[in-house]
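Take a look at the structure below.
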Amino acid sequence: MKELSLHILDIAQNSIAAGAKHVDLTVEEGEGLLRITVADDGRGMSPEFLASVTDPFTTTRTTRKVGLGLPLLRLAAEQTGGGLRVESRLGVGTTVTAAFRADHIDCPPLGDTASTVSLLAQGLPEGMELTYTRRTPRGEFRFDTAEIRAVLGPDVPLSEPEVAEWMRGYVAEGEEGLA
Amino acid sequence: MKSLEELRAIREKMQKQIDIRENSADDIRVVVGMATCGIAAGARPVLTAFLEEVAKRELKNVTVTQTGCIGVCRLEPIAEVYVPGEEKVTYVKLTPEKVPRIVAEHLVNHNPVTEYTIGAAE
Ligand SMILES: Nc1ncnc2c1ncn2[C@@H]1O[C@H](COP(=O)(O)OP(=O)(O)OP(=O)(O)O)[C@@H](O)[C@H]1O
Ligand code: FES
Ligand SMILES: [Mg+2]
């Protein structure tokens, strides 16, 4: 992946697939570190399954195809001297945390977070909400689909292309000056 | 500045349109593959381009949705177009540059852009 924001887009799809009601995305920067967190309240994973998911090439698998998303994120983080942590409990939820050394030559740019966040919001299933928090030494920006829906009312969904375009611009402008 | 005021204006405009809209069973659906391989191959700007183009042209009978794996990694980014009463059309190896033509010729004028389809790629 050319941008860290593309990993965020990919990893958050796992939360949607896990039937979560909430997914909370956080990007924190400071002191040479960049930390991405994707936390959900979806169905979670058993410890055995979790082990196979984060380390797919050392575990024998017969029951399913090899997932790519988490291993790619892990590789990207480790290449910068950082790492990946996945905490999960069946029936409770999953938190994926990836830490990157931002000044490492192999650290991809964060990239277009506004597209990632607005597209995730655009594609959210019925009854699911998303928050996005960006924190840097210069300040904080927060985006919450529940607030957007409150403005839109019951008749206009987040999936409307015009709404998606608005959300992209809103996040982009909100993050301006934070980097 | 993108304000909540602007969002309220979008809501009001859309609410008026909802009242006059025909049956949503007539909707054209665009489905973009957003699995890991699709995202890595460039599906994000393609999806953005569809939303941008549909919003710009104010096409009220088009919905744009996302799905996971469509099953042909090497042809990603992929989008499927469903026009009611017509056969599904699968577009492959998409770029944002190809999207306006698909919207204009296929979604508006009902002529699929054959050269971008899976049939032409294989
Ligand atoms: N947040 C989550 N909640 C529950 N299960 C998860 C979560 N994230 C990952 N998993 C499980 O781990 C598997 C592997 O995830 P991974 O992102 O690596 O690949 P994938 O989603 O299966 O496929 P792809 O390569 O298309 O992303 C998933 O199929 C799912 O079973
Ligand atoms: S994993 Fe590539 S198209 Fe499904
Ligand atoms: Mg995945």
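First the proteins, then the strands, lettered A, B, ... as listed; each starts at 1.
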Are B:Val30 and B:Val83 grouped together when hydrophobic residues (ILVMFWY) are joined by side-chain heavy atoms under 4.5 angstrom apart? yes

Connected via hydrophobic side-chain network under 4.5 Å: B:Leu75 and A:Leu68: no

Output for pair (B:Cys37 SG, A:Leu72 CG), nearest 0.5 Å, gives 10.5 Å

So which of B:Glu53, B:Lys13, B:Arg44, B:Glu52 has the largest heavy-atom pair count under 4.5 angstrom toward chain A? B:Arg44

Starting at CE of B:Met34, measure out to CD1 of A:Ile16 and round the result to the nearest 0.5 Å. 9.5 Å

May I ask you to say whether A:Glu162 pairs ionically with B:Lys56, meaning some side-chain N is under 4.0 Å from a carboxylate O? no

Name the member of A:Arg168, A:Lys2, A:Glu147 that forms the most heavy-atom pairs with chain B at distances under 4.5 Å. A:Arg168

In a check of side chain to side chain contact (heavy atoms under 4.5 Å, CB included) between A:Pro161 and each of B:Val54, B:Thr63, B:Val62, which one passes? B:Val54

Group every Ile, Leu, Val, Met, Phe, Trp and Tyr by side-chain heavy-atom contacts under 4.5 Å, then state whether A:Leu130 and A:Leu110 land in the same group. yes

Rounded to the nearest 0.5 Å, what's the gap from CG on A:Leu119 to CD1 on B:Ile39? Could you check? 9.5 Å

On a heavy-atom basis, the closest approach of A:Glu165 and B:Thr48 is OE2-O, 4.2 Å

Under 4.5 Å between any side-chain heavy atoms of B:Arg11 and A:Val163, yes or no? no

Looking at A:Arg101, I want to see if its CZ is surrounded by more than 12 non-hydrogen atoms of other residues, nucleotides or ligands under 6.0 Å. no

Treating Ile, Leu, Val, Met, Phe, Trp and Tyr as nodes and any side-chain heavy-atom pair under 4.5 angstrom as an edge, say whether A:Leu25 and A:Leu178 lie in one connected cluster. yes

Taking A:Trp166 for its side chain and B:Leu4 for its backbone only, find out whether a donor-acceptor pair lies under 3.5 Å. no

I need the residue from A:Val151, A:Ile148, A:Val156 with the largest number of non-hydrogen atom pairs under 4.5 Å to chain B. A:Val151

Within a radius of less than 6.0 Å around CZ of A:Arg89, do more than 12 heavy atoms belonging to other residues, nucleotides or ligands occur? no

For the candidates A:Gln13, A:Gln122, A:His7, which exhibits the highest count of non-hydrogen atom pairs separated by less than 4.5 Å from chain B? A:Gln122

Taking a hydrophobic cluster as the set of Ile, Leu, Val, Met, Phe, Trp and Tyr residues connected by side-chain heavy atoms closer than 4.5 Å, whether directly or through intermediates, do A:Val117 and A:Leu9 fall within one such cluster? yes

Within a reach of under 6.0 Å around NZ of B:Lys93, are more than 12 heavy atoms found that belong to other residues, nucleotides or ligands? no

Distance (rounded to the nearest 0.5 Å) between A:Leu120 CG and B:Gln66 CD: 7.0 Å

Evaluate whether atom CZ of B:Arg101 has more than 12 neighbouring non-hydrogen atoms of other residues, nucleotides or ligands under 6.0 angstrom away. yes

At what distance, to the nearest 0.5 angstrom, does OG of A:Ser118 lie from CG of B:Leu51? 8.0 Å

Rounded distance (nearest 0.5 Å) linking atom CG of A:Asp155 with atom NZ of B:Lys16: 13.5 Å

